[in-house]
Novice: 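The structure that follows is given in the form of structure tokens.
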There are 2 protein chains.
Amino acid sequence: MRRHVLLYGLLGGLLIAALRFIEYRWIVVEHSLEIYAALIAALFAGLGIWLGLRMTRRAEFVIVRELGVAMPAASDFERDQARASALGLTPRELEMLEHVAAGLSNKEIAAREFVSENTVKTHLSRVFEKLGAQRRTQAVQIAKAQRLIA
Amino acid sequence: MRRHVLLYGLLGGLLIAALRFIEYRWIVVEHSLEIYAALIAALFAGLGIWLGLRMTRRAEFVIVRELGVAMPAASDFERDQARASALGLTPRELEMLEHVAAGLSNKEIAAREFVSENTVKTHLSRVFEKLGAQRRTQAVQIAKAQRLIA
DNA sequence: CAAAAAATCATCCTTTTGGGTGACGCCAAA
DNA sequence: TTTGGCGTCACCCAAAAGGATGATTTTTTG
């Protein structure tokens with residue numbers, strides 16, 4: 001989106017410059033200001049709509065791509081052990097991550113694993129750090145994309 | 001949307017009229033044309049973006065589905081529309097859910113969708129309620145299991 | 001057009017998460 | 001036997017998420 005904004009500004013600048021340049025030739029007609037205004041308005045309206053469309057379309061595209069990477073983890077799952085160890089993820093950490101992916105809260109995981117909630121939190125902190133995630137949902141997304149969990 | 005287009009045209013007309021009117025007072029400054037152009041451009045750019053966004057808003061989930069069938073190389077995911085509507089999930093809510101599944105925070109979703117964080121939270125609250133989830137991770141798990149999201 | 005449905009936003013309050021730090025015991029490998 | 005990885009736990013703090021309610025605006029629909 002940043003790119004679009006930049007392009008947009010650039011186009012605006014160019015247009016202005018062009019306008020300034022043409023001013024001394026074409027525009028000798030009376031009442032040209034209104035025509036100008038209308039032209040610019042129409043042009044930028046079009047550009048704006050285009051930009052708006054472009055921005056939302058990109059979002060959709062991203063969604064589609066996310067669908068793409070989320071799907072292959074459907075039936076026959078096999079952990080990418082190589083990547084797991086490359087990231088330094090321990091078995092325990094992967095276990096915790098799976099519980100997170102199953103939608104459990106830290107408290108529930110703690111109860112299920114017979115450890116304290118604090119322990120769960122430290123495990124997950126390390127998982128997040130190793131995966132470069134800030135949130136559990138993000139960690140799950142990343143882990144699934146990399147075939148670390150089902 | 002009709003209303004938007006009308007409003008848009010009206011604004012344009014008004015602007016032109018205003019411009020025409022002001023022409024004989026304000027515009028004694030040199031190089032004011034560029035300023036004018038810039039102003040109009042900015043104004044209509046904003047309006048255009050807004051309009052574009054507004055227009056695509058409603059049609060979005062349809063577009064997503066079209067993309068889904070148009071890009072078979074990406075994934076074979078198809079939403080269980082029957083279940084989605086059986087649960088009373090609105091397009092917007094599913095959209096939010098997808099963002100959650102992508103690992104975004106409420107704040108990030110809000111920024112991406114151009115709405116307030118509060119709005120995201122209410123949408124998600126309803127999603128959780130309809131899915132019977134207490135947590136976002138759980139909601140994602142349930143939604144994926146029921147083929148509501150990829 | 002009027003009613004219903006969806007989307008938007010806010011405020012208050014509680015719970016959950018995440019980050020940072022420090023510590024202790026176990027065990028296997030250097 | 002010492003070192004380092006792993007698993008365990010605690011405490012504190014800040015941010016994020018969730019629940020409940022109420023209200024307004026847009027959009028859709030009968």
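Chain letters run A, B, ... following the sequence lines, proteins first and then strands; every chain starts at 1. Quick caveat: nothing in here was measured; it's all calculated off a predicted structure.
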Novice: Can you figure out which of C:dG19, D:dC9, C:dA7 approaches the side chain of A:T122 most closely?
Specialist: D:dC9
Novice: CE of B:M96 versus C1' of D:dA17: gap in Å, rounded?
Specialist: 15 Å
Novice: Using a 4.0 Å heavy-atom cut-off, does B:N118 contact any base of the nucleic acid, only the sugar-phosphate backbone, or nothing at all?
Specialist: base
Novice: To the nearest angstrom, how far is A:E117 atom CD from D:dG7 atom C1'?
Specialist: 17 Å
Novice: Between B:E93 and B:T137, which has a closest nucleotide on DNA chain C that is more 5'?
Specialist: B:E93
Novice: Does any part of the side chain of B:E113, heavy atoms only, come nearer than 4.5 Å to the side chain of B:H123, both counted from C-beta?
Specialist: no
Novice: Go through C:dT17, D:dA23, C:dA10 for me and flag the one nearest to the A:R136 side chain.
Specialist: C:dT17
Novice: Taking the side chain of A:R92 as heavy atoms from C-beta outward, which of D:dG19, D:dG7, D:dC11 is closest to it?
Specialist: D:dG7
Novice: So, are A:E95 and A:R112 salt-bridged, with charged N and O less than 4.0 Å apart?
Specialist: no
Novice: May I have the distance from B:R135 (atom CZ) to C:dT16 (atom P), rounded to whole angstrom?
Specialist: 8 Å
Novice: Using only side-chain N and O atoms of A:S105, determine if any of them is under 4.0 Å from OP1 or OP2 of C:dT15.
Specialist: no
Novice: Take a 6.0 Å sphere around CD of A:Q81 and say whether it holds more than 12 heavy atoms from other residues, nucleotides or ligands.
Specialist: yes
Novice: Stepwise, does the side chain to side chain donor-acceptor pair (under 3.5 Å) test hold for A:S116 with A:T119?
Specialist: CA-CA 5 Å; A:S116 86; A:T119 301; 3.1 Å; yes
Novice: Just checking B:T119: base, sugar-phosphate only, or nothing, at a heavy-atom cut-off of under 4.0 Å?
Specialist: base
Novice: Rounded to whole Å, how long is the line connecting atom NZ of A:K121 with atom P of D:dA14?
Specialist: 14 Å
Novice: Can any side-chain N or O of A:R147 pair as donor or acceptor with the backbone N or O of A:R79 at less than 3.5 Å?
Specialist: no
Novice: Under 4.0 Å, heavy atoms only, any strand: does B:Q134 hit a base, just the sugar-phosphate, or nothing?
Specialist: sugar-phosphate
Novice: Which whole-number value in Å describes the distance from A:L89 CG to D:dG5 P?
Specialist: 15 Å
Novice: Write down the distance between CG (A:N106) and C1' (C:dG19), rounded to a whole number of angstrom.
Specialist: 13 Å
Novice: Just the rounded figure in Å: distance from P of D:dT8 to CZ of A:R126.
Specialist: 10 Å
Novice: So B:K107, base contact, sugar-phosphate only, or nothing? Heavy-atom distance under 4.0 Å.
Specialist: sugar-phosphate
Novice: Given atom CG of B:L104 and atom P of D:dA16, what is their separation to the nearest angstrom?
Specialist: 13 Å
Novice: Quick one: which of C:dA6, C:dT8, D:dC9 gets closest to the side chain of A:S116?
Specialist: D:dC9
